[in-house]
Amino acid sequence: MKITLKDGSVREYHAPLTIYEIAADISEGLARVACCGSVDGAVCDLRTLIERDCELSILTLSDKEGLNALRHTVSHIMAEAVKSLFKDAKIAIGPSIENGFYYDFEHPPFTREDLDLIETEMKKIIKEGREFTRFTLPRAEAVKLMAEAGEIYKVELINDLPENAEISFYRQGDFVDLCAGPHLMNAKNIKAFKLISSSSAYWRGNSDNAMLQRIYGTAFAKKEELNDYLDYLEKIKLRDHNKIGREMELFTTADVIGQGLPLLMPKGARIIQTLQRWIEDEEDFNRGYVRTKTPFLAKSDLYKLSGHWDMYREGMFILGDAESEAEVLALRPMTCPFQYFIYKASQKSYRDLPIRYGETAVLFRNEDSGEMHGLTRVRQFTISEGHLIVRPDQMDKEFKDCLDFARYCMRTLGIEDEVSFRLSKWDPDKRDKYIGEAEVWEDTQNRIRSIMLELGIPFTEALGEAAFYGPKVDLQAKNVYGKEDTMITIQWDAVLAERFDLYYIDQKGDKVRPYIIHRTALGCYERTLAWLIELYEGKFPTWLCPEQVRVLPISDKYEAYAETVRTTLHAHGVLVTSDLRAEKIGYKIREARLDKIPYLLIVGANEEETETVSVRSRFAGDEGVKPLADFIDQITQEIRAKVIRKEENAE
């Protein structure tokens, strides 16, 4: 057989060999550092037997796939350590992930002290340099092996494998784990790892299943790389919106109120208010929207009509017994069904379309407790929701305009480069998750794809991420920890108009079904605030700041002038306070900097006499003495234009 290597050279062998044996034939040094292989583009274990002509790459820790094999191996060592220390623990799954690995266990929550003990045990296992051996078993024997070990989750995984699947295991000492691999040949190459944290996670991500405990860790080729990564983690923790938002008194939480129900404090509420007014004004005055206000709850009949009762009931808060014949209400997870009845309240002509309904809507979704985090994943949230009722011939233009609106919002917030676009499609192999005909799904997905290509917007495609009634474009963004969430959604709906009997009268006097676009302009306000906190580390652009200016008199003799400055700025719509405490000016300046105030106006005898202010900014430090009128012109223009000033020369 002929083996074509990564450098283009060809080696011939007359008998089957494993990838490891081929690596050893190339050089002993390569065999020592090999982690896995790539056979015709597919990542394979080093123990994989090569029996035919192929293209082969030997992958090491310098390759992403090789590093993943290392991390996957460390996750198994962690599982062995947990089983050694906590005899009653049951193992679930333990894959490598971006930047590390995790393993899920049925066990009470782990403490930091537990993680330290597990690390110590892992080091003992690694020091022994155990070999990892792979073997396969028929299904019945595989089930018996895991059942006798009491590993109920492994038994479930085996039973869910396809009939023709190869069921493979890896053994390290006395520890055996169901796994497809790949893994290192032994533990000798494991030099640097760390267990990071633990949290709860439902088995297979389903809230109907058992709550497991997930331990996260990471591993690198060298200790220096591990240390750099741990330093990076410490730095990004400082940008976590949970930390900054609470320190800045933007929001708080209370156990007695409930998980996923944050309390926006005055400063945080002010930022949300600013965002909301901006979006509503943009929709109403520049984008042709009309405003609605709809109930927070409705009878279950409404959601049965829309399909949400069958497709989304687990994610809703239901008031009453859902199985009884008595009236059952539910808090709304969206506004679309409500706005459809506003549309239906009067007959519409083709001349009336498009109609663009906008609503700042409070929504409720029963998120899993393990998914909730700060402001990014909550159970009650506010959204810039909109539904456009359009003629089929208007659909492409209106969809493009929604994309333009979303990009305008991202650009204005300074986060356009932080988001990626995703075409979220249906999965035809899971037909029961969707309503509507297959032909309609394929047509709408193709039309969205064409629009994205025409506009030159880079995008990825994701199977199975569509809503149950239509494909969509999702604008995705990552938090400081790399977790990706949806920021804005624009969805094409050619289905629900039929369910709700929406129609308009065309030029011929016939009833015609419209199309619907479900969209958000900014998405969830709470989640947007979380991203902005992390992006700007709390140093928001001036127009978004809950306190834009603070006036500091250098002594109590100038308090009257400080108040004059404050009231004048306030009259021009600037969010301004004055610090009249009996503290030294240096102390007041330092505290204002900690509060991340964009502008400090220091006033004394000279400023009072000349009607000026001494300006210090977060952006350029000392900006000198300016006439008060000039500063007002400067800052009001900055706020109106939503300027994002860089902090290049700040003190």
Side-chain angles (χ1 to χ4, degrees), residues 97-100 102 111-112 115-116 192-199 214-220 223-253 262-268 270-272 371-378 413-415 417-419 476-485 487 525-542 544-548 550 587 589-598 600 616-621 644-651:
I97 56 175
E98 185 178 4
N99 296 324
Y102 70 79
T111 65
R112 182 65 245 182
L115 300 190
D116 293 339
F193 74 92
K194 182 70 178 175
L195 301 188
I196 305 296
S197 62
S198 65
S199 63
R214 176 171 295 177
I215 299 179
Y216 288 97
T218 191
F220 287 87
K223 288 184 178 179
E224 293 83 355
E225 294 172 344
L226 173 63
N227 291 335
D228 288 345
Y229 180 70
L230 295 178
D231 288 343
Y232 163 74
L233 287 182
E234 289 302 313
K235 289 177 182 177
I236 64 173
K237 283 180 184 177
L238 299 177
R239 290 175 51 206
D240 188 331
H241 80 275
N242 257 319
K243 179 180 185 297
I244 296 176
R246 293 171 195 272
E247 289 175 349
M248 293 183 66
E249 298 185 347
L250 301 178
F251 74 96
T252 188
T253 54
L263 301 167
L264 287 172
M265 301 173 77
K267 292 179 182 178
R270 172 67 77 176
I271 297 174
I272 296 293
E371 290 291 320
M372 288 182 287
H373 174 70
L375 297 176
T376 59
R377 184 78 67 169
V378 293
L413 293 174
I415 55 180
D417 294 338
E418 306 296 322
V419 300
Q476 302 292 107
K478 293 181 179 180
N479 66 15
V480 292
Y481 297 102
K483 186 180 185 303
E484 187 174 81
D485 278 307
M487 194 164 194
Y525 284 103
E526 290 83 357
R527 184 178 292 176
T528 299
L529 176 56
W531 275 319
L532 291 171
I533 292 170
E534 294 183 350
L535 176 66
Y536 291 108
E537 299 181 48
K539 299 175 183 177
F540 304 107
T542 302
L544 272 177
C545 282
E547 183 181 355
Q548 295 160 338
R550 187 175 294 178
Y587 176 84
I589 291 172
R590 287 191 297 273
E591 194 167 78
R593 286 174 177 166
L594 291 174
D595 289 342
K596 302 175 174 58
I597 311 300
L600 307 181
R616 293 198 181 191
S617 75
R618 230 176 42 206
F619 317 104
I644 300 175
R645 288 189 68 182
K646 303 297 182 183
E647 300 191 17
E648 298 171 357
N649 301 311
E651 288 182 353

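When reading the values below, keep in mind they use all heavy atoms of this one structure, side chains included, and skip hydrogens, waters and symmetry mates.
Residue Leu544 holds its CG atom at 9.5 Å from CD1 of Ile272, rounded to the nearest 0.5 Å. To the nearest 0.5 Å, the span separating CD1 on Ile533 from CG on Leu250 amounts to 5.0 Å. A distance of 8.5 Å separates CD of Glu249 from CG of Asp595, quoted to the nearest 0.5 Å. To the nearest 0.5 Å, the span separating CG on Leu195 from CG on Asp116 amounts to 8.5 Å. Here the CD1 atom belonging to Ile215 is positioned 12.0 Å from the CD1 atom belonging to Ile196, to the nearest 0.5 angstrom. To the nearest 0.5 Å, the span separating CZ on Phe619 from NZ on Lys539 amounts to 10.5 Å.
Take Tyr216 and apply the ring pair (Phe, Tyr, Trp, His ring centres under 6.0 Å) test, not counting sequence neighbours, and it matches Tyr102. In this structure Glu547 satisfies the side chain to side chain contact (heavy atoms under 4.5 Å, CB included) test together with Arg550, Thr577, Ile597, sequence neighbours excluded. Shown here are the side-chain hydrogen bond (donor to acceptor under 3.5 Å, both in side chains) partners of Arg270, two or more places apart in sequence or in another chain: Gln273. Listed by chain and number, the residues in a salt bridge (Lys or Arg N to Asp or Glu O under 4.0 Å) with Lys194 are Glu119 (sequence neighbours excluded).
Side-chain atoms of Arg593 and Arg616, non-hydrogen and from C-beta on, do get closer than 4.5 Å to each other. Residues Asp240 and His373 form a side-chain contact, since some pair of their non-hydrogen atoms from C-beta on lies under 4.5 Å apart.
Of all heavy-atom pairs spanning Ile644 and Pro541, the tightest one is CG1-CG, 4.0 Å. Shown here for Met487 and Ala477, the closest heavy-atom pair between the two residues is SD-CB, 4.2 Å. Residues Val378 and Pro262 share a closest heavy-atom pair of CG1-CD, 3.7 Å. Here the closest non-hydrogen pair linking Leu375 and Ala530 is CB-CB, 3.9 Å.
The backbone N or O of Asn479 lies less than 3.5 Å from no partner atom in the side chain of Arg239, so there is not a single donor-acceptor pair. Checked by atom type and distance alone, the side chain of Gln548 pairs as donor or acceptor with a backbone atom of Thr542 at under 3.5 Å.
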- Go through the steps for Leu413 and Phe540 under the test side-chain contact (heavy atoms from CB on, under 4.5 Å), then give the verdict. CA-CA 10 Å; Leu413 293 174; Phe540 304 107; over 6 Å; no
- Item | Step-by-step side-chain contact (heavy atoms from CB on, under 4.5 Å) determination, Lys596 to Met248 | CA-CA 9 Å; Lys596 302 175 174 58; Met248 293 183 66; 3.9 Å; yes
Can I get a per-line list of side-chain donor-acceptor pairs under 3.5 Å for residues 227-234, giving both atom names and the distance, sequence neighbours left out?
| from | atom 1 | to | atom 2 | distance (Å) |
| --- | --- | --- | --- | --- |
| Asn227 | ND2 | Lys223 | O | 3.3 |
| Glu234 | OE2 | Lys237 | NZ | 3.3 |

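The stretch residues 527-536 participates, sequence neighbours left out, in these side-chain hydrogen bond (donor to acceptor under 3.5 Å, both in side chains) pairs: His241-Glu534.
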